[in-house]
Each structure stands twice: as C-alpha cells, then as structure tokens.
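What follows is a single structure, written as structure tokens, with notes after it.
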Amino acid sequence: MFHVKSSITLDKYAPVGEIDERIYGSFIEHLGRAVYTGIYQPGHPSADENGFRQDVIDLINKLNVPIIRYPGGNFVSGFNWEDSVGPKDQRPRRLDLAWQTIESNQFGLHEFMQWLGKVHAKPMMAVNLGTRGIDAARNLIEYTNFPKGSYYSDMRRRNGAEQPFNIKTWCLGNEMDGPWQIGHKDAVAYGKLANETAHAMRIVDDSIETVACGSSGLTMPTFGSWEDTVLDLTYDNIDYLSLHRYYGNQDNDTPNFLAQSLDLDAFISGVTAICDAVKARKHSQKTINLSLDEWNVWYHSNNHDAHDEKWQEAPHKLEDIYNFEDALLVGSMLITMLHHADRLKMACLAQLVNVIAPIMTDENGGAWAQSIFYPFMQVSTLGKGTVLTPIVHSETYGTKEFDAVPFVDGVAVLNDAGDTVTVFAVNKSLDTAQDFTIAAGDFDFASVALSTQMAGYGLKETNEDGHMGITPNTTARLAEDGVHVTLAPASWNTFQIKVN
Ligand code: AHR
C-alpha cells in the first residue's frame, strides 16, 4: 500500500484551553421517535416502571453525555410547558406545528428530569420565544427552580417534586433567525425579547446561565449581522451564543464532504471574532463563550420526510441511517471542536435517539449503535483535560469548496494528572495510508497505553447489524522521537501515551 508522511507535534507549553466536558452534550426533542418509542416506551420489554427503555439508557451511559438539550428544537417555539406537567390523563393532546405531528404530552418535564438521573446528565432547557415570551419563561423557572411558597413552585410540589429541579442552563428560544421557526423574528425583535426574558428569569434565580440564539447555520443570509445585533442587545444578560451546523453528502462527493470540518472551523472562528468585537466595542470585561448546541450529519432522511403523512403521533422522521464516511466526518468535527476548547464550552450532538441520532430503536425490538456512535464515545470518554495547540503536518487536497484540505486532522489532549496524552486523528485520504508520527516535543514518552482505529469499512457501510466498532491498531511503536504508527486510509484513530 502507498504511504505518505504526516505528524502531530506536541507542545506542552502551548495549551489551547481546558475542555469543558459539556461539549459532549446531546439533544432530545419532541420530534419523531426521539421520546416516544425512543427513550420512553411503556410496555416495551426493556422498559422500567417509569416506561424508560433500559436498553437505550445503557447505550447512552456508554456515550457519556453530560448535558442534554430539551424539549426542542423547532418544537419548543410552539410549546406550552404547562401541558407537560400534572396528571398524565389530564394532559392535552396538541398539534405540534413545527413538525406537523400530534404531541400527547405523556412524557414531560418531570419525566425528563427523572430520566436524566438515569443517564447521568444535566438539563439544558429551552424556553419558547416563538409563540410565547417573558411571562411563560418566568413562570417556568419559578416552577423548576424556586424552592416553595409560590404559585408555580407549589404546583411543582403538588406534582410530586418537593425539591426544586435547579436547572442551571437555559436556551433563550431556538433558531429564531430561521424563517421556518414558529414566531420567527428579526434580530432586533429577538434581541430585545431575549434580553428581557433573561432579565426576568435571573430575578427568579440569579445563578442560571443563558444561551442566546446565534445563527442556524453559516449560510444564513443574516449570519454576522444577526450575531452582532443580538449580542449588542443582550450582552449583560447572556453567557453563551449558540451556533447550529449540519452537513450532508447529497452530491456523493466524499472528499468534499469530509472537508466540511473546515467550514465548521471557520464558523466557530467567525462567531468568536464577532463576540470579541462586540466585547471591545462595549469596553466590557465579560467574555461571551459559544454553545454549538446542534451539530451532526443530516441528509439521509430528507427524501423520506418530504413525503410524510401529517399529524401522526411519533412518526418515523429524521431517521438518518449513518454510514462509515459520516462517522469520519463526525470524528473530524469533534477534533475541530476540541481545537476551539478555549471558547466552545457547550455542544450538543443533534440528536441522541432515533432522530439524526447515534442510537436507534426498533419499537418491537432492541436498540443499536450507529457508525457515528463510536468516534463520539471515544472522544467523550477519553477527551478530558487540556487541549494542546495542534501542530499538524499533512499533505493537502483540493475540493470544489476548499483549496487545501489536510488529509490528516489531529488533536492532542493532556489529562489533568499530567501523565497521559490522548491523540485523536482522522485520515481523510480514501486510498493512501499515513506514516504518522506523534512527535514528543518536550514530553518524555513512557509507553503506548492505547492504540485503536475504526477502519476498513466501505464508505457507505452502515451498522444495523452491529458489526462495526473500534479495533486495535497494532502498528504503533515507541521510538526516540515519538510514536510511529500507520493510519489506514479513511480511518478514525485514537492513541493514549503515558508520559514521565
Ligand atoms: O435537530 C433538528 C432540527 O434542526 C431542530 O428542531 C432545529 O432547531 C434545527 O433546525
């Protein structure tokens, strides 16, 4: 096999930033089968006494997801939170205008909080700034976070939760820049509403943190000016600005598809620059960080969904079946996110179960892991500590959108104990292996503790039968200057090196 050389050089004195593990978050929306027949299916053989599917809980626990965004997404912009609490037999069936389905409200706020305990995650709760606003949001936070002795806190107690939920992280609406959004607004209208909503919510609980909507994608016509105006109007009442980004390989141009991590990199850098420009203009001491609270590959299900029958309950929607090249791009996006560990503090793989998700369920059978599950699981479990400035040398290739795409994407993370360096790397070359060096720099390498790969699959191969996974890469050897290892063509790779 033809080989070329590439490397990552470690510099222990040049940290990018400490990883906030909330970048390994995910998302459950009332959409399709994410909730019903996804995480919640009373009567399923694996369901517990609450109707929570244990097979799904087990897979989520393997993914190690610390924070989960809820209940939408587009859904939240028409959602009345009051519908989702209280006795289940009194909860209304509603039209969900966003996805044109029927919402039964049999799974709601209390069920979500209870379920979160089983998957060891914290909530990232979104409020409705589409059809509703300040009043509903201040009532909701009184319900969730106020201890007792008021109308909504006592309603929560009567509904079975004596202690407040103490939800810390709040999204101020969803994708309000998108014309598809119920209650879509221009930047000034949204900025004023988000600011006043956050202000009122903070009066109820000043320990919360809030996320304002940024752009729903880099290609939105309002990108840039939206961020600038919203930040200008909300600066003192928000902590994070959101970004959303999905990619697809509609043209079946895999080299260009795998290069989309460069687009994500430009998106994150651009939004960071705008945040800092507004900070400078305001002479502010406060830094706004980023929340990439929707990201993934999304396109496989588009055709199917265009012909969906309307007003069904829990229909099969957005059920992308992911292939191997999707897993490579997801790995590359994770590496890109780590490169921005200094400013990217939260992120949500969208979504978690059945809807553009790493985990799928059969309503009459089991649950299974998609191809993208594996790179995500490795990064979320092993990518902890401080990201080192990535000095990656690799040959490049050109595509219709990008002039110079490095074949190898890589990142190195030093753990908090200072005794282990973890390297994640993707080889995007479809036909050429890489003679890859992890150059020790100022580190004294002691041993290779882990050397694995996800490789050898066809680009369009999927994992319904569960044959995919992480396998050992037996080529790694320790030398004077570092670790030398072969990266297979089209591969996802993880290494852990013990350092003295
Ligand atoms: O994740 C699916 C949808 O994508 C979300 O509801 C919306 O916010 C985005 O457009």
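These numbers come from a predicted model, not from an experiment. In each ligand, atom 1 is the first atom listed, and ligand 1 is the first ligand listed. What you see below is based on every heavy atom in this structure, not just the backbone, and it leaves out hydrogens, waters and symmetry mates.
R343 pairs with exactly one of D20, I268, V16, T287 by the side-chain contact (heavy atoms from CB on, under 4.5 Å) rule, that one being T287.
Ring-plane geometry between Y36 and Y40 is classed as perpendicular, the angle between the planes exceeding 60 degrees on a 0 to 90 degree scale with a lower cut at 30.
In this structure, CE on M155 lies 7.5 Å from CD on E82, to the nearest 0.5 angstrom.
Scanning the protein for heavy atoms near atom 2 (C) of ligand 1, the closest one is Q351 NE2, 3.5 Å. Summary of contacts: the protein heavy atom closest to atom 1 (O) of ligand 1 is Y246 OH, 2.8 Å. What sits closest to atom 8 (O) of ligand 1 on the protein, heavy atoms only, is E294 OE2, 2.6 Å.
Closest heavy-atom approach to atom 7 (C) of ligand 1 within the set V355, V76, N74, L31: this belongs to N74.
The two atoms that bring H184 and M176 nearest to each other are CD2-O, 3.0 Å, heavy atoms only. Of all heavy-atom pairs spanning R132 and F79, the tightest one is CD-O, 3.8 Å. When all heavy atoms of S77 and Q181 are compared, the pair lying nearest together is OG-OE1, 2.7 Å.
Neither the backbone nor the side chain of F75 comes within 4.0 Å of ligand 1, counting heavy atoms alone.
More than 12 heavy-atom neighbours from other residues, nucleotides or ligands sit within 6.0 angstrom of NZ on K286.
With 3.5 Å as the limit, one finds no donor-acceptor pair spanning the side chains of N105 and H30.
Near G73, the atoms of ligand 1 lying under 4.0 angstrom from a non-hydrogen atom of the residue are 5 (C), 6 (O), 8 (O). Ligand 1 places these atoms under 4.0 Å from at least one heavy atom of W99: 3 (C), 6 (O). Annotation for ligand 1: atoms under 4.0 Å from non-hydrogen atoms of E29 are 5 (C), 6 (O). Short contacts between ligand 1 and E175, defined as distances under 4.0 Å to a heavy atom of the residue, involve ligand atoms 7 (C), 8 (O), 9 (C), 10 (O). Close approach to N174 involves these atoms of ligand 1, each under 4.0 Å from a residue heavy atom: 7 (C), 8 (O).
Under a 4.0 angstrom heavy-atom cut-off, I356 registers as being in contact with ligand 1.
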